[in-house]
**Student:** 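Got a structure here, written out as C-alpha cells. Questions coming.
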Amino acid sequence: MGYLRNAWYVGALSREVNEQPLGRVILDESLVFFRAADGSPVAVADRCPHRFVPLSLGKVKHGELECGYHGLRFGRDGICIANPHGNNAIPRGANLRHYPALERYGFIWIWTGDIERADESRMPVFPFLDSPDQFTAVHGYLPVAGNYQLVVDNLLDLSHVEFLHPMFSQAEGVAGHRTEFFQDGDVVVANRWKPNVPLQGLAGHMFWTSPSTRSDARSNMRWSAPGYLNFDLGATEVGATVEEGICLPNAHLVTPETEFKSHYFWSIARNRLLDDEAMSARLHDVVDRIFRTEDGPIIEAQQRSMGLTSDLMSLHPVTLDPDIPAMRARRILARRIEEEHQASGRKDLGRASAVA
Ligand code: FES
Ligand SMILES: [Fe+2]
C-alpha cells in the first residue's frame with residue numbers, strides 16, 4: 001500500500017542521538033542522524049556519494065559528518081563542505097538528501113515527504129510531554145519485526161490486555177467495562193471506562209496510596225494518522241474527577257522501518273512522585289518489559305504467521321467487536337495514502353505539462 005510520506009515520523013529518541021552518528025532505516029530509506037554544532041538534530045541519507053559507504057560508520061566532528069572511508073565531510077543541509085584530497089575542491093553532486101528534522105517531546109522527528117510541505121503545525125500534540133511542573137515522563141524504544149499497522153492494531157485494540165498481560169488481568173473480566181468507539185474527523189477513539197473496579201494496572205499497582213481497594217479506572221486511546229496514539233490511562237477514587245486522580249498519559253509513536261519491520265517509540269508520563277528517579281527507572285523497566293516480552297513477541301509471531309504479506313485484509317480475518325477502531329484507522333490511513341498518491345500524480349502531471 002505504500003506509506004503516508006507527507007508526515008512527521010519519530011526517527012529516534014533524543015538520547016540516542018549524541019556524539020556518534022546513528023543509522024536507521026525509515027520508510028525503506030537509510031538515514032543517518034547526528035547533531036549540528038548548536039545541538040540541533042540533522043537527518044540525511046546514510047550513503048556517501050563517493051563509494052556508497054554508510055555515513056553512520058563515520059564520525060561527527062564539530063557538528064559535521066565525516067565519512068569513515070575517505071573523509072568527505074557534510075554539513076547540516078547534507079551539502080559536502082570538505083574534501084581532504086587533491087586540490088580540496090568539492091566534487092559536483094556530492095550532496096546528500098536532507099530530511100527536515102526537529103526535536104520535541106524527547107524524540108527526534110523527521111519529515112519524510114516534500115521538503116516544501118514540511119509544516120510543524122502537522123506535528124501531533126502531547127501537552128503532558130511538555131509540562132514538567134505537572135508531569136514527569138520516561139521514554140523507550142522497541143524495534144518490532146512486524147508491519148507497523150499490526151503495532152497500531154495492537155494499541156487500538158485494548159481487548160487483548162486481559163489475555164496477553166498477566167499483570168493487568170482482572171478477576172471480574174471485561175464484563176464490567178464500558179467501551180465506546182467513535183470517529184472524530186480522521187481521529188479514531190477507543191475508550192474503555194472501568195467504573196468501581198478492584199485496583200488494577202500501573203495506576204493501581206504502582207501509584208495508589210489511599211486505603212481504598214476499588215477505583216474508577218480508564219484506558220482511553222486516540223489514534224491519528226499515520227501512527228500517533230495518545231493513551232489516557234488513569235484511576236481515581238470511585239466517583240472522583242479525573243483531575244483529582246492518578247494520570248499516566250502515554251504517547252505511542254509507530255514508524256515504519258520496512259514493510260515487515262517497525263520502530264515503536266513510547267513515552268509514559270505521571271502526575272505523581274515527579275522527582276522520584278527510582279520510580280522513573282522502575283516505570284521505564286515495567287513498561288519496557290511488557291512491550292519487549294508480551295506485545296512485541298506476539299506481533300512478531302503474528303507477522304511470521306501471516307507470511308510475506310503486510311495486507312491483513314487480504315487474508316480475510318475474522319472480525320470481533322474490539323477490532324472496529326483498528327479497522328477504521330486502517331481505512332482512514334488507506335484513504336490518506338491514496339489521496340497523497342493522487343495529489344503527487346497531479347503534481348507530476350503539472351510538472352510534465354509545464355516542461356512540454
Ligand atoms: S566512501 Fe565516503 S569519502 Fe569515500
Ligand atoms: Fe499490549
Side-chain angles (χ1 to χ4, degrees), residues 21 23 30 32 34 44-61 64-75 78-97 140 142 144 146 148-170 174 177 179 190 192 194 200-203 205 217 219-221 223 227 229-233 248 250-254 262 264-268 283 286-303 320 322-323 325-326:
S30 294
V32 53
F34 65 100
V44 292
D46 190 16
R47 191 168 90 150
C48 180
H50 176 224
R51 289 294 180 265
F52 309 122
V53 165
L55 290 160
S56 51
L57 299 178
K59 288 193 171 63
V60 180
K61 293 188 175 167
E64 295 161 6
L65 182 59
E66 183 179 273
C67 180
Y69 205 7
H70 312 95
L72 286 180
R73 269 203 205 188
F74 302 88
I79 293 172
C80 182
I81 47 179
N83 168 14
H85 306 285
N87 65 359
N88 305 125
I90 305 295
R92 205 182 289 236
N95 299 329
L96 308 168
R97 177 173 172 190
L142 181 70
V144 180
Y148 73 108
Q149 287 190 291
L150 298 180
V151 183
V152 171
D153 287 353
N154 165 279
L155 292 160
L156 268 174
D157 151 32
L158 295 177
S159 67
H160 77 262
V161 170
E162 324 295 326
F163 304 94
L164 186 61
H165 303 305
M167 178 181 175
F168 302 131
S169 65
Q170 297 145 47
V174 297
H177 299 177
T179 52
R192 190 167 278 246
K194 305 168 216 176
Q200 56 178 256
L202 295 175
H205 290 310
S219 47
N220 296 341
M221 193 69 91
W223 169 92
L229 293 119
N230 188 331
F231 189 31
D232 168 31
L233 186 66
L248 304 173
N250 313 196
H252 300 264
L253 300 156
V254 191
S262 315
Y264 175 31
F265 297 94
W266 56 268
S267 178
I268 179 165
L283 188 57
V286 167
V287 176
D288 176 70
R289 183 169 44 76
I290 292 168
F291 293 141
R292 199 172 290 278
T293 65
E294 295 171 3
D295 295 287
I298 207 108
I299 293 168
E300 293 183 345
Q302 181 187 16
Q303 181 67 72
L320 306 178
D323 298 324

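Side-chain atoms are counted along with the backbone in the values below, which use heavy atoms only and exclude waters and symmetry mates. Ligands are counted one by one from 1 in listed order, and the atoms in each one are counted from 1 as well.
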**Student:** If you consider just the N/O/S atoms, which atom of H160 is the closest one to the Fe ion (ligand 2)?
**Tutor:** NE2

**Student:** Where is the tightest heavy-atom contact between L158 and L155, given as atom of each residue plus distance?
**Tutor:** CD2-O, 3.5 Å

**Student:** Need the atom name: nearest N/O/S atom of H165 to the Fe ion (ligand 2).
**Tutor:** NE2

**Student:** Could you give the side-chain donor-acceptor pairs of residues 50-58 under 3.5 Å, partners two or more places apart or in another chain?
**Tutor:**
unit_1	atom_1	unit_2	atom_2	d
H50	ND1	H70	ND1	3.0
S56	OG	D46	OD1	3.3
S56	OG	D46	OD2	2.7

**Student:** Would you please test L202 and I268 for side-chain contact (heavy atoms from CB on, under 4.5 Å) and show each step?
**Tutor:** CA-CA 11 Å; L202 295 175; I268 179 165; 3.7 Å; yes

**Student:** Take the angle between the ring planes of F291 and Y264 and call it parallel below 30°, perpendicular above 60°, tilted in between.
**Tutor:** perpendicular

**Student:** Is the shortest side-chain heavy-atom distance between D157 and P325 below 4.5 Å?
**Tutor:** no

**Student:** Taking G146's backbone N and O only, do any of them form a donor-acceptor pair with S262's side chain (distance below 3.5 Å, no angle check)?
**Tutor:** yes

**Student:** With a cut-off of 2.8 Å, does any N, O or S atom of D295 fall short of it relative to the Fe ion (ligand 2)?
**Tutor:** yes

**Student:** More than 12 heavy atoms of other residues, nucleotides or ligands under 6.0 Å from CZ of R73: yes or no?
**Tutor:** yes

**Student:** Please list, in chain and residue-number order, the protein N/O/S atoms closer than 2.8 Å to atom 2 (Fe) of ligand 1.
**Tutor:** C48 SG, C67 SG

